[in-house]
Amino acid sequence: MTTEEVLVCGAGITSFARTEASGRQLAVRAVRAALADARLPWTRVRAAYGGSDAAGNADTLVAELGLTGVPFVNVRNGCATGGSALVSAVNAIRSGAADVTLAVGFDKHPRGAFDPRPADWGLDEAYGRDGLMVTTQFFAMKIQRYMHDHGITARTLALVAEKAYANGARTPHAWRRTPLDADEILASGMVNDPLTRYMFCSPGQGAVALVLCSRAVARELEATPVTLRAAVVRTRRFGSFEVFSPWAPVGTPTSVSADAARLAFEEAGLGPSDIDVCQLQDTESGAEVMHLAECGFCEHGEQERLIPEGATAPGGALPVNTDGGCIANGEPIGASGLRQVHEIVQQLRGRAGERQLPDRPSTGFTHVYGAPGVSACTVLTR
């Protein structure tokens, strides 16, 4: 069965720094920017998908964008909200149901840590009383085991964050734009061993929108489209240890990120070695380390050599999180996955400004991961 080819023809993003604007207002700005980038009016959108975790219903954006009767589906899927909206928008084009679609993700979280309720995740109250709903503890436990098994040091974790802040300093929409070196990061105060304060991202705010279209529509546009070769969302299998997991099975754990990445590469007809630039979920430094291997870009343990050598820096063999990732941008849950795709689109177009990679890349990969074990991955080419 043949399916329609899908292209990203418009991309819009807001600042991720704190502002007085509401989450919905940020979303409207991002959508309008994406439509302007695509040089298409709102009336041309045939289906829309979007969501946030805490900032309102995406379908209500039509009150500002225009009451055209467009089918607009709300999506709420944790950190994979943006990725899930994107997959839905892709499938609408592939099926022939629409030739122009929109995916939008946005959020505006209050200051402080996330405060999830156990019952919302199928857990009893004792899980929360024991402190395990505090995500910093989960990430610390997971990277502690990984460091033990694969010889990763705390300094390598600090170097991941150092890179993030350096890249954020070159990204106009990033929240944290002050470079920090590894020694400052290691000395920034322990949160949950081995993760220090400046190794973490923080709940934040921002919005991203993408306009997708068929190849036939792209031929009519003056925009610079990027081909979306794959978009995949997967949930955890038995044997995984994930955010809000009440227990871990014996043996080598499975990985939802590995599952999603493998399927995305199969769908795209490419492999990790074909990728020029990538975005990996970096809720904290350890996540980027683990996801490098889980997504197939290196063997487990090789990060201890590759990261200090600069392999994941802008001038390295595989630049990772060229916009500073979650560590520099913060994590507005609904927007994070689409921010990753926005960055790859700009890199492939050659429009990333001061952070543009030399020898304009041709292929890109994105990966987002979140509770309770959900991952979304994409592969893009120019």
Side-chain angles (χ1 to χ4, degrees), residues 79 83 139 143 146 150 152 155-171 174 176 179-180 182 185 198-201 255 257-258 260-261 264-265 270-331 336-348 352 354-369 375-381:
C79 294
F139 290 121
I143 191 60
Y146 194 87
H150 301 291
I152 306 298
R155 185 160 193 86
T156 294
L157 302 185
L159 290 172
V160 169
E162 180 182 85
K163 171 179 64 68
Y165 293 118
N167 289 345
R170 294 188 290 270
T171 304
R176 295 185 173 121
L180 295 171
I185 292 162
Y198 293 149
M199 291 179 185
F200 283 97
C201 76
S255 165
S257 295
F265 283 125
L270 298 171
S273 63
D274 297 311
I275 300 301
D276 297 328
V277 56
C278 75
Q279 292 271 316
L280 300 176
Q281 179 82 4
D282 60 334
T283 316
E284 35 69 38
S285 296
E288 182 174 319
V289 172
M290 291 184 286
H291 294 146
L292 267 171
E294 289 180 348
C295 292
F297 294 106
C298 68
E299 296 297 322
H300 294 288
E302 283 189 331
Q303 306 96 318
E304 186 65 15
R305 172 181 60 84
L306 294 173
I307 290 169
E309 288 178 354
T312 59
L318 181 67
V320 176
N321 294 335
T322 48
D323 63 350
C326 288
I327 291 175
N329 286 276
E331 184 165 28
S336 284
L338 295 183
R339 173 190 53 76
Q340 295 178 329
V341 179
H342 179 278
E343 175 64 11
I344 297 298
V345 167
Q346 299 306 84
Q347 289 288 348
L348 299 189
E354 188 180 349
R355 66 190 185 282
Q356 179 64 50
L357 296 173
D359 302 322
R360 180 179 155 199
S362 297
T363 58
F365 173 87
T366 72
H367 156 271
V368 66
Y369 164 84
S375 183
C377 294
T378 71
V379 177
L380 302 101
T381 60

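The figures that follow rest on heavy atoms only: side chains count, while hydrogens, waters and symmetry mates do not.
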Between [X] (side chain) and [Y] (backbone), is there a donor-acceptor pair under 3.5 Å?
X: Y165; Y: Y198; value: yes
X: N329; Y: G325; value: yes
X: R155; Y: A182; value: no
X: T171; Y: A174; value: no

Q: Check side-chain hydrogen bond (donor to acceptor under 3.5 Å, both in side chains) between Q281 and all other residues, then give those that pass, not counting sequence neighbours.
A: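 In terms of side-chain hydrogen bond (donor to acceptor under 3.5 Å, both in side chains), with neighbours along the sequence ignored, Q281 is linked to T283, E331.
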
To check you understand the geometry: which heavy-atom pair defines the closest contact between [X] and [Y], and what is its length?
X: F365; Y: A261; answer: CZ-CB, 3.9 Å
X: P272; Y: G296; answer: CB-O, 3.3 Å
X: A287; Y: D282; answer: CB-CA, 4.2 Å
X: V345; Y: L380; answer: CG2-CD2, 4.0 Å
X: C295; Y: F265; answer: O-CE1, 3.6 Å
X: G83; Y: A376; answer: CA-CB, 3.9 Å

Q. Under 3.5 Å, is there a donor-acceptor pair linking the side chains of T156 and Q303?
A.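 Short answer, no.
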
Tell me, do [X] and [Y] make a side-chain contact under 4.5 Å, heavy atoms counted?
X: E294; Y: S375; answer: no
X: V379; Y: T363; answer: no
X: R355; Y: E343; answer: yes

Rounded to the nearest 0.5 Å, what separation is found between the [atom1] atom of [X] and the [atom2] atom of [Y]?
X: L159; Y: I307; atom1: CG; atom2: CD1; answer: 7.5 Å
X: E288; Y: L157; atom1: CD; atom2: CG; answer: 10.5 Å
X: T322; Y: I344; atom1: OG1; atom2: CD1; answer: 6.0 Å
X: K163; Y: N321; atom1: NZ; atom2: CG; answer: 5.0 Å
X: C326; Y: Q340; atom1: SG; atom2: CD; answer: 6.5 Å
X: Q347; Y: H342; atom1: CD; atom2: NE2; answer: 11.0 Å

Q. Between R305 and E309, is there a salt bridge with N-O shorter than 4.0 Å?
A.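 Result for this pair is yes, salt bridge flagged.
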
Q | Ion pair R339/D323, N-O distance below 4.0 Å | A |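 Yes, this pair counts.
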
Q.
Run T381 and L270 through side-chain contact (heavy atoms from CB on, under 4.5 Å) and show every step you take.
A. CA-CA 10 Å; T381 60; L270 298 171; 3.9 Å; yes

Q: Run the numbers on I327 and S285 for side-chain contact (heavy atoms from CB on, under 4.5 Å), then give the verdict.
A: CA-CA 8 Å; I327 291 175; S285 296; 4.0 Å; yes

Q. Once the angle between the rings of H367 and Y369 is folded into 0 to 90°, is it parallel (under 30°), tilted (30 to 60°) or perpendicular (over 60°)?
A.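 Judged by the thresholds at 30° and 60°, the geometry between H367 and Y369 is parallel.
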
(Q) side-chain hydrogen bond (donor to acceptor under 3.5 Å, both in side chains) for T378 and T366? Distances and angles first, verdict last. (A) CA-CA 5 Å; T378 71; T366 72; 2.6 Å; yes

Q: Apply the test side-chain contact (heavy atoms from CB on, under 4.5 Å) to residues T312 and L318: give CA-CA distance (whole Å), side-chain angles for both, the deciding distance (0.1 Å), then the verdict.
A: CA-CA 5 Å; T312 59; L318 181 67; 5.5 Å; no

Q: Would you please test H300 and M290 for side-chain contact (heavy atoms from CB on, under 4.5 Å) and show each step?
A: CA-CA 8 Å; H300 294 288; M290 291 184 286; over 6 Å; no

